[in-house]
K.L.:
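So that we are looking at the same thing, I have put the structure below in structure tokens.
Letters A, B, ... are given to chains in the order of the sequence lines, protein chains preceding strands, and every chain is numbered from 1.
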Amino acid sequence: MTNDNIPRDFIRKFIDDDLATGKHTEIVTRFPPEPNGYLHIGHAKSICLNFGIAKEFPAARCHLRFDDTNPIKEEQEYIDAIQADVKWLGFDWGQHLYYASDYFEKIYQFAEHLIKNGQAFVCDLTAEEMREYRGTLTEPGKNSPYRNRTVEENLDLFRRMRAGEFPEGVRVLRAKIDMTSGNVNLRDPVLYRVMHTSHPRTGNAWCIYPMYDYTHPISDALEGITHSLCTLEFEDHRPLYDWTCDNLPVPCHPRQIEFARLNLSYTVVSKRKLLRLVKEGKVSGWDDPRMPTLSGIRRRGFTPAALRDFCERIGIAKKDSIVDVELLEHCLREDLNESAARVMGVLEPLKVVISNYPEGTEEELTAQNHPKNPEMGSRQISFGRELYIERGDFMAEPAKKFFRLAPGREVRLRYAYIIKCEEVITNAAGEIVELRCSYDPATRGGDTPDGRKIKGTIHWVSAKHALPVEVRLYDRLFRQPDPESEGDFMDCLNPDSLLVLDQTLVEPALAAARPGVSYQFERQGYFCLDSRDSRPDHLVFNRTVTLRDTWAKVSGQE
RNA sequence: UGGGGGAUGGUCUAACGGUAAGACAGCAGACUCUGACUCUGCCUAUCGGGGUUCGAAUCCCUGUUCCCCAGCCA
């Protein structure tokens, strides 16, 4: 039966009921993107819902259908990218890949059916006139003067629309419903408009294209969709969805159910706004690792498993909400903590010379690839007289509760030795440029045979063996939790959302890193190779997310 | 009286007439060769007012408040 681990949201309960009452014996959902842009994390919620249901229920499937009814906005590039994103998220539509454009002929015939039944008419009102006739939210509209054309005239005109006899904008096909309806969507909505535009899939076969409200229920019905899930703003459109199914000889009448779209704190999730970020150069593109697009977060190092877990945890409801990004980060850390191999990388290096370590010698030490998972094995790391540690792991005048390196203090070098800071070397400007330390040969591997407690353990790299790389540190794109609410969202962009470090030194083993594989730089965070800008002679790593940092919280408060 | 939909801790989600639950965040502590992970404990909620009931987040009335809708976009 169904998976007990998945919470029973109201949609799944509807489906449970439909199965229990025998209304349906199989369940069919669909994910219906318009190929006019890239998928973002909001789409992930819908994908996980629709494809998730298909996976959970015994006889169920989910279709991927492109809602390609507006050729001026749609491109093959997006069709390809969307499929790649859905696959990456871990879902499979099998043979069920569809396009609304595949149904154009049927949709057209249905339109003639409506005309013949006196339920649709060709209207010559201009766009502006139609707006005037539509009325307002509080005042009813009035009938178009063309509303009473005969069936014959409508049929003739509509066929000539199809034949390309009219320029764009002069004639449309409208449903004949009710111009006085409180629901504006029912005030004789447009069904077809003329567009002398080539379509990515149908080419120049058509110069009239059906509208979403008319196309969607037909597409759903033709595919045998049982539950047509969409976002809240389509709630008002449901009467039209139902009207369409009720008045056409379609094979079934799917049930449209609406749920709240995903909003995330400190980010924007709307194609229009994301497009603006791209167009105004605030980010490097749709796949900028700071973007909430699937291509962006994939490049950033987010994992499909973390995304799926996230989508499951946020639930499905009808309440407008803003989910805390920290939940997303939590899901990510939880997944990455399990799977990422540990490695050492020094983001901002400070040179350390081990004064009592014999010059010209080096040795190999053993480091665990994952402390909680021995099956991931271990590796050898080189140790020598000259090392680099993180600048932030040394304080000339240590703050209270700071238990890393400071003058006269001891600290453990992870998997290596206990060292003690003997001398601090500064340059003419007074900046610390090097530390002279001594090491305790008895503590090889990091153990303390005498039982002494060393509170601090820090990461390091061997100066001689370290690999210089570029590292990109990302922070949230916006400074406000809800950038969409207050004024122009562009005004609260975080100027520090990207920090590029070019002095970073990492273990040489990272030369073999590949995109899509995450590493934990111990004590720093999770990183992955950048799939776009990294080159063999100039590796670029993206920081996916930091580790939780209690110390930053403590020290930041003082 | 335009139409449609919502209101449960800081955030998200459960409970569907019977002890308001979980997750995230936060706080305090334990553990630790990652100030990570893990573990323990704590904090904080039913929009207001009336009713019905032995008993209401849940049912009724009323008020408040938030969101969506006037594309030949989806």
K.L.:
I want to check one thing: is the phosphate of G3(B), taken as OP1 and OP2, less than 4.0 Å away from some side-chain N or O of Arg187(A)?
P.N.:
no
K.L.:
Should Ser181(A) be listed as having a side-chain N or O under 4.0 Å from OP1 or OP2 of G2(B)?
P.N.:
no
K.L.:
Salt bridge between Arg149(A) and Asp124(A), side-chain N to carboxylate O under 4.0 Å?
P.N.:
yes
K.L.:
Pick the nucleotide of RNA chain B nearest each of Arg444(A) and Glu34(A); which residue has the one closer to the 5' end?
P.N.:
Arg444(A)
K.L.:
State which of U38(B), G35(B), C68(B) makes the closest approach to the side chain of Lys372(A).
P.N.:
U38(B)
K.L.:
Counting any heavy atom closer than 4.0 Å, what does Arg342(A) reach on the DNA or RNA strands: base, sugar-phosphate only, or nothing?
P.N.:
base
K.L.:
Does any donor-acceptor pair link the side chain of Arg404(A) with the base of G35(B) at a separation under 3.5 Å?
P.N.:
yes
K.L.:
Is the shortest side-chain N/O distance from Arg174(A) to OP1 or OP2 of G71(B) below 4.0 Å?
P.N.:
no
K.L.:
Given that Thr136(A) and Lys45(A) both sit by RNA chain B, which one's nearest nucleotide is further toward the 5' end?
P.N.:
Lys45(A)
K.L.:
At under 4.0 Å between heavy atoms, what does Asn36(A) touch on the DNA or RNA strands: base, sugar-phosphate, or nothing?
P.N.:
nothing
K.L.:
Could you give the distance separating A15(B) and C59(B) at their P atoms, to the nearest angstrom?
P.N.:
13 Å
K.L.:
Using a 4.0 Å heavy-atom cut-off, does Val172(A) contact any base of the nucleic acid, only the sugar-phosphate backbone, or nothing at all?
P.N.:
base
K.L.:
Assign Pro371(A) to base, sugar-phosphate, or nothing according to its heavy-atom contacts below 4.0 angstrom with the strands shown.
P.N.:
base
K.L.:
Contact class for Lys271(A) vs. all strands (heavy atom < 4.0 Å): base, sugar-phosphate, or nothing?
P.N.:
nothing
